[in-house]
Amino acid sequence: MNSQPGHPIVSMSSVSKHFGSQRVLDGLDWQIARGQVIGLLGRNGAGKSTLLECMLGLRELDGGTASMLGEDVGRLSEQALARIGYVPQKPDLFDWLTPLQMFDYFKAMYPRWNTGKVEGLLSRWGFDAAMRTKQIKKLSGGEQQRLAIIRALAHDPEVLILDEPVSSLDPVGRREFLRELVEQVIERGTTVVFSTHILSDLERVAFDLAFLKNGKIALQGQTDALLEGARRILVPASSLPAAPLAGEVRRHQDGAMASVIVRAPHPDVERLAREPGARVETMTLEDLFIEVTR
């Protein structure tokens, strides 16, 4: 069964995953449309890597269902796997091989392997002849991460899952990778899920943001719309209605004052802004991340 236009390329319903008594994913629902580029955000330990591993069928679900490209992730066919690229948080390379040996090995596994792309990336990312024939375990962490990225991009995947793909790269390396991601991947309509703790990177490439909190997707929306519309309202608690405001993300009371985060302006916000002592503030991505995941 193939994913058809208009159908989600990833669908997760009531997904649960726990490790012992710790529940990491708790009835999570998430759908990702073809061509979406989503930045996945969450605090350390929130379960981002576990979520991506469950999405790929690398971890067995404790509850719920998950499909990718129209197939159950626990039984992905070879044809489906050949359409997926994945960069794990820690590169899982065959480190006793050289880069050229490793790419020769994977070339035989992927019908759509793009030798020209591999050669171009190796050249642009500083892999000279000596580095290409050196054992991978003798390369630096950043160089190994670049190889993992090249391996994931080499077969022109339709779905690209990136788990902290630039954590070992310096600022120049991150910029080069993000440029490659935009120019060579996103423009082809590839579906991308990109987890990173470097918020400025997400602002450059992610069209949508998803926030993981308490085992669920707590908030998702278009990056520009969220950043343009998100507001923090500081208002006397006595002026705040008990019922949630339209688009409310969270509220917090500190003494006589209350702070409410909303995802977009609304008549409720305009009304509260006129209350004596009220203040309405715009929010950066860092502000929104702190408030949503608190």
Side-chain angles (χ1 to χ4, degrees), residues 1-17 24-42 46-88 109-114 117 152-163 165 181-196 202 205-213 215-226 247 263-264:
M1 179 172 149
N2 293 322
S3 177
Q4 300 296 323
H7 288 78
I9 209 159
V10 175
S11 182
M12 306 182 79
S13 177
S14 301
V15 168
S16 296
K17 182 66 186 175
V24 180
L25 303 178
D26 187 10
L28 178 142
D29 296 316
W30 199 16
Q31 292 195 336
I32 299 172
R34 182 179 297 276
Q36 271 193 295
V37 180
I38 300 179
L40 177 62
L41 288 165
K48 299 186 298 296
S49 294
T50 299
L51 171 54
L52 297 181
E53 289 164 358
C54 288
M55 180 185 297
L56 289 161
L58 299 175
R59 287 194 184 274
E60 187 175 351
L61 307 183
D62 293 321
T65 59
S67 65
M68 180 180 289
L69 295 166
E71 298 183 3
D72 184 301
V73 297
R75 299 188 297 274
L76 289 172
S77 64
E78 289 186 7
Q79 292 82 359
L81 291 170
R83 297 159 64 192
I84 300 168
Y86 172 47
V87 179
M109 299 173 61
Y110 290 98
R112 291 166 44 177
W113 189 266
N114 189 331
K117 173 172 282 188
L153 298 179
H155 58 290
D156 294 325
E158 294 175 40
V159 185
L160 185 60
I161 308 297
L162 305 166
D163 188 4
L181 193 62
V182 171
E183 295 177 359
Q184 303 298 326
V185 178
I186 292 174
E187 287 189 356
R188 289 196 301 107
T190 305
T191 305
V192 181
V193 182
F194 185 108
S195 165
T196 181
L202 284 180
V205 300
F207 300 156
D208 290 83
L209 297 174
F211 296 81
L212 180 65
K213 179 186 178 184
K216 292 181 169 67
I217 299 298
L219 175 66
Q220 181 171 334
Q222 293 185 343
T223 304
D224 289 346
L226 285 175
R263 61 186 299 171

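A quick note: this is a predicted structure, and the numbers were derived from the prediction, not measured.
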Asker: Can you name the nearest heavy-atom pair linking Ala206 to Thr223, along with the distance?
Answerer: O-OG1, 2.8 Å
Asker: Could you give the distance from CG (Leu76) to CG (Leu56), rounded to the nearest 0.5 Å?
Answerer: 8.0 Å
Asker: From Tyr110 OH over to Glu78 CD, what is the distance, rounded to the nearest 0.5 angstrom?
Answerer: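 Those atoms lie 10.5 Å apart.
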Asker: Closest approach of His155 and Ala152, non-hydrogen atoms and distance?
Answerer: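 Closest heavy-atom pair between His155 and Ala152: CE1-O, 3.4 Å.
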Asker: Of all residues at least two apart in sequence or in a different chain, which pass the salt bridge (Lys or Arg N to Asp or Glu O under 4.0 Å) check with Arg263?
Answerer: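 Applying salt bridge (Lys or Arg N to Asp or Glu O under 4.0 Å) to Arg263 gives none.
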Asker: Indicate the atoms forming the closest heavy-atom contact of Leu162 with Pro165, along with that distance.
Answerer: CB-CG, 3.7 Å
Asker: Can you name the closest pair of heavy atoms from Ala154 and Lys117 and give their distance?
Answerer: CA-CD, 4.4 Å
Asker: Restricting to side-chain contact (heavy atoms from CB on, under 4.5 Å), what partner residues turn up for Asp208, sequence neighbours left out?
Answerer: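 With neighbours one apart ignored, the set is Gln36, Ile38, Gln222.
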Asker: Find the distance between CG (Leu41) and CZ (Phe194) and round it off to the nearest 0.5 Å.
Answerer: 10.5 Å
Asker: Is a donor on one side and an acceptor on the other found under 3.5 Å between the side chain of Glu71 and the backbone of Ser77?
Answerer: yes
Asker: Is there a donor-acceptor pair under 3.5 Å between the side chain of Arg59 and the backbone N or O of Glu53?
Answerer: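 No: the side chain of Arg59 does not pair with the backbone of Glu53.
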Asker: Table please: side-chain donor-acceptor pairs of residues 25-33 below 3.5 Å, with sequence neighbours left out.
Answerer:
from: Asp29; atom 1: OD1; to: Ser14; atom 2: N; distance (Å): 2.7
from: Trp30; atom 1: NE1; to: Gln220; atom 2: OE1; distance (Å): 2.6
from: Gln31; atom 1: NE2; to: Ser11; atom 2: OG; distance (Å): 3.4

Asker: For the CG atom of Leu81 and the CE atom of Met68, what is their distance to the nearest 0.5 Å?
Answerer: 9.5 Å
Asker: Could you pull out the closest heavy-atom pair between Pro157 and Arg188, with the gap in Å?
Answerer: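 Nearest pair, atom of Pro157 first, then Arg188: O-NH2, 3.8 Å.
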Asker: Side-chain contact test, heavy atoms from C-beta onward, threshold under 4.5 Å: evaluate it for Val192 versus Val205 and give yes or no.
Answerer: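 No, every pair of side-chain atoms sits at 4.5 Å or beyond.
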Asker: Measure the shortest side-chain to side-chain distance between Asp72 and Thr65 over non-hydrogen atoms and say whether it is less than 4.5 angstrom.
Answerer: no
Asker: Taking the side chain as everything from C-beta on, heavy atoms only, tell me whether Lys48 gets closer than 4.5 Å to Leu51.
Answerer: no
Asker: Roughly how far, to the nearest 0.5 Å, is the CG atom of Asp163 from the CG atom of Leu52?
Answerer: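 Leu52 atom CG to Asp163 atom CG measures 5.0 Å (nearest 0.5 Å).
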Asker: Identify the heavy atoms of Ile217 and Ala210 that sit nearest to each other, and give their distance.
Answerer: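 Taking every non-hydrogen atom into account, CG2-CB, 4.3 Å.
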Asker: Mind checking the CZ-CG spacing from Arg83 to Leu160? Nearest 0.5 Å is all I need.
Answerer: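 Answer for the CZ-CG pair, Arg83 versus Leu160, is 14.5 Å.
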